[in-house]
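Scroll down for the structure; my scribbles are underneath it.
All values below were derived from every heavy atom in this structure, side-chain atoms included, with hydrogens, water molecules and symmetry-related copies excluded. Numbers here are sequence positions counted from 1.
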Amino acid sequence: MLNWQHTYTLSRFALLRREGKGFVLESPLTNRQFAVPGVSVLRILDGLSRPRPLESLLAAVDESQRPALRSFIEACDEAGLLTRVDDDGLTEEETSSLGSWEFHDLLFHAGSRLGRNRQPVGATYPLKGRIPEPPRSSLPSANPPLTLPRPNLDNVQEPVLDHVLERRRSAYGLKPLDMTTLGAFLYRTCRITSTAVEDDESAVHKVYPSAGGLHPLRVYVAVTSCEGCRSGLYLYLDDEHALLPIRDLDGSVQRLLSDARDRAPGLSGPSPALLVISARFQRTAWKYESIAYRLTLLEVGGLFQTMYLVATAMGLTACALACGDSDHFARTIGSDYYAETSVGEFLLGR
C-alpha cells in the first residue's frame, strides 16, 4: 500500500510504447496496461522518473486536480509501475529478487509465458494470409555444393550414451579436422532424417526436436584448418549433406573467428571450425504467437546438447559460446537481421 510521505520512483521495468494510434504504459511485472491519452500523463511520468515523495507531486498541482492524480498514481502502483526508494537510495526492486533480472530478460520471459501475456499464445498462424509461408530451404549462394562423406552408423565401437553423458565437457582443441570427421559430425547432428506432410503442413525431422517440425535453424561453418576443405565460410545443406561455399576466409569471416576467440577464455588461437547457428525467425513466427523466440532458443539448446554429445563420442573438443555479434553475422552472409541472423556459436576442434 502506498505511503504518500515516502519516496517512490518509476519502476525500471516500466515500458512506454506505441500501440494503435497512441501510447500505452505497461510492465512485465503484471498484465495491466494503461493508455497514455496526452502530455499531462507524460509529465506525471517524467516527475516519477526521479525519486521523490509522492506528496510533493500532489502539492505541485491545483487542488482540483489532486483526486485524479491520486487515483492515477494508485493505479500505477497496483500495476507494478512504481517502486519505493529506501533511505540508502536503493529501490525495493534492487534489493528484492527482482534485482537479478535485467529489463529485456524479464520482458521476454513474461511476454512468452502464460499469466502476464495479454496476447494469444501458440499456433495461431498470425502471418497466414498476409505473407506466404517461408520456404523450408533457399540457397543464398550460386556456388556448387561440396559433397561431404557419410559416416557408418553401424559402428559398434562407439561409446554408449551413459559414458558420453558423463564425459561431456566444454573444451578447446586446435588440432586440424579433416573432411571425414567434419562430415560425420554434421551428418550425426544437423542433417534432415525425413520429411512429412501433416495436416497440409510440411514437417522436417532431425535428431534434435523443433517446435512444429519447423526447424528454422541453419548451421554455418567457418573453417580455418580442415584437410580437404578450403578455409572459409560455408552453409551446411541439411537435406543434401553438403557444404555450400558462402565466403572465403576474408576480413568478415576472420572477425567471426576472432570474436569467438575473445569469448573463449584460454583459447590461444583460432578454432579449426566455428559453427554459427542462425535462425530464420519467420518460419517459427508464421505459426506461433508470443512464444516464437522462446521456441527458437529452446531449439538452440537442443542442438547444442546434441553437438556436445556427438563431439564427445567422436573424441572431439566442443564448446558452446555465450554470445555473438548478430549484426556482424547478418552483414557477413548478406541477410536481413530480422529475417535471418545468428542465435548461437559453437567451437569444434580436436
Side-chain angles (χ1 to χ4, degrees), residues 1-62 64-86 89-121 124 126-127 130 281-282 285 288-294 296-297 326-327 336-338 341:
M1 188 172 183
L2 283 177
N3 186 320
W4 292 84
Q5 283 73 47
H6 284 169
T7 299
Y8 289 81
T9 190
L10 199 63
S11 166
R12 65 187 178 94
F13 296 104
L15 172 65
L16 180 70
R17 65 179 180 87
R18 186 187 68 81
E19 184 173 273
K21 296 182 179 180
F23 292 95
V24 293
L25 184 66
E26 57 189 6
S27 167
L29 300 180
T30 68
N31 61 359
R32 300 280 302 278
Q33 187 182 76
F34 289 93
V36 179
V39 295
S40 58
V41 174
L42 293 177
R43 291 194 187 99
I44 297 172
L45 297 178
D46 179 64
L48 288 168
S49 66
R50 298 167 295 278
R52 62 186 302 170
L54 293 182
E55 62 180 6
S56 69
L57 275 177
L58 293 177
V61 301
D62 292 338
S64 61
Q65 298 175 327
R66 290 175 186 174
L69 177 57
R70 180 183 290 270
S71 296
F72 176 77
I73 292 177
E74 288 174 347
C76 285
D77 181 61
E78 292 174 2
L81 297 173
L82 299 181
T83 182
R84 190 172 128 178
V85 182
D86 295 329
L90 296 176
T91 66
E92 288 182 325
E93 289 177 348
E94 293 171 307
T95 56
S96 70
S97 58
L98 275 174
S100 61
W101 282 91
E102 292 185 80
F103 168 77
H104 61 279
D105 285 335
L106 186 58
L107 184 67
F108 162 67
H109 182 68
S112 59
R113 302 283 287 179
L114 296 173
R116 303 180 187 182
N117 183 19
R118 292 175 300 277
Q119 302 300 321
V121 175
T124 62
L127 303 182
R130 285 196 283 158
F281 296 115
Q282 277 192 355
Y288 293 100
E289 190 169 352
S290 294
I291 56 173
Y293 187 64
R294 173 181 174 79
T296 300
L297 296 188
S326 294
D327 281 291
D336 178 349
Y337 179 95
Y338 301 106
T341 192

**Request:** Report the C-alpha separation of Tyr8 and Asn3 in whole Å, then their side-chain angles, then the decisive distance to 0.1 Å, and conclude whether the side chain to side chain contact (heavy atoms under 4.5 Å, CB included) test is met.
**Result:** CA-CA 9 Å; Tyr8 289 81; Asn3 186 320; 4.2 Å; yes
**Prompt:** Above 12 or not: heavy atoms from other molecules or residues under 6.0 Å from CZ of Arg18?
**Reply:** no
**side chain to side chain contact (heavy atoms under 4.5 Å, CB included) assessment of Phe281 paired with Tyr338** = CA-CA 7 Å; Phe281 296 115; Tyr338 301 106; 5.9 Å; no
**Asked** Nearest heavy-atom pair of Val85 and Pro51: which atoms, and what distance?
**Response** CG2-CB, 3.9 Å
**Pairing residues for His109 by the side chain to side chain donor-acceptor pair (under 3.5 Å) criterion, not counting sequence neighbours** = none
**Point-to-point distance, once rounded to the nearest 0.5 Å, from CG of Leu2 to CG of Asp77** = 3.5 Å
**Request:** Run the numbers on Arg70 and Trp4 for side chain to side chain contact (heavy atoms under 4.5 Å, CB included), then give the verdict.
**Result:** CA-CA 10 Å; Arg70 180 183 290 270; Trp4 292 84; 3.2 Å; yes
**Fill in**
With sequence neighbours left out, the residues meeting side chain to side chain donor-acceptor pair (under 3.5 Å) with Arg52 are Ser56
**Request:** Please list, chain by chain and in numerical order, all residues satisfying side chain to side chain donor-acceptor pair (under 3.5 Å) with Asp327, sequence neighbours excluded.
**Result:** none
**Main-chain N/O of Leu81 paired to Ser27 side chain as donor or acceptor, under 3.5 Å** = no
**Residues Glu94, Arg12: salt bridge by 4.0 Å N-O rule** = no
**Message:** As an exercise, state the distance from OG1 of Thr91 to CG of Leu10, rounded to the nearest 0.5 Å.
**Reply:** 11.0 Å
**Asked** Where do Ser290 and Gln119 come nearest, in terms of heavy atoms and distance?
**Response** OG-CB, 3.6 Å
**Asked** Is a side-chain donor or acceptor of Thr9 paired with a backbone partner of Leu48 at a separation under 3.5 angstrom?
**Response** yes
**Asked** Would a distance-only check, ignoring hydrogens and angles, find a side-chain to backbone donor-acceptor pair under 3.5 Å from Ser11 to Thr83?
**Response** no
**Asked** With Arg84, which residues qualify under side chain to side chain donor-acceptor pair (under 3.5 Å), at least two apart?
**Response** His6
**Partner of Glu26 by side chain to side chain donor-acceptor pair (under 3.5 Å), out of Arg17, Arg32, Arg116** = Arg17
Pair up each side-chain donor or acceptor in residues 97-108 with any protein partner under 3.5 Å, not counting sequence neighbours, and list the distances.
residue	atom	partner	partner atom	Å
Ser100	OG	Ser97	O	3.0

**Message:** Please list all pairs meeting ring-ring contact (aromatic ring centres under 6.0 Å, His included) that have one or both residues in residues 13-47, counting only residues at least two apart or in different chains.
**Reply:** none
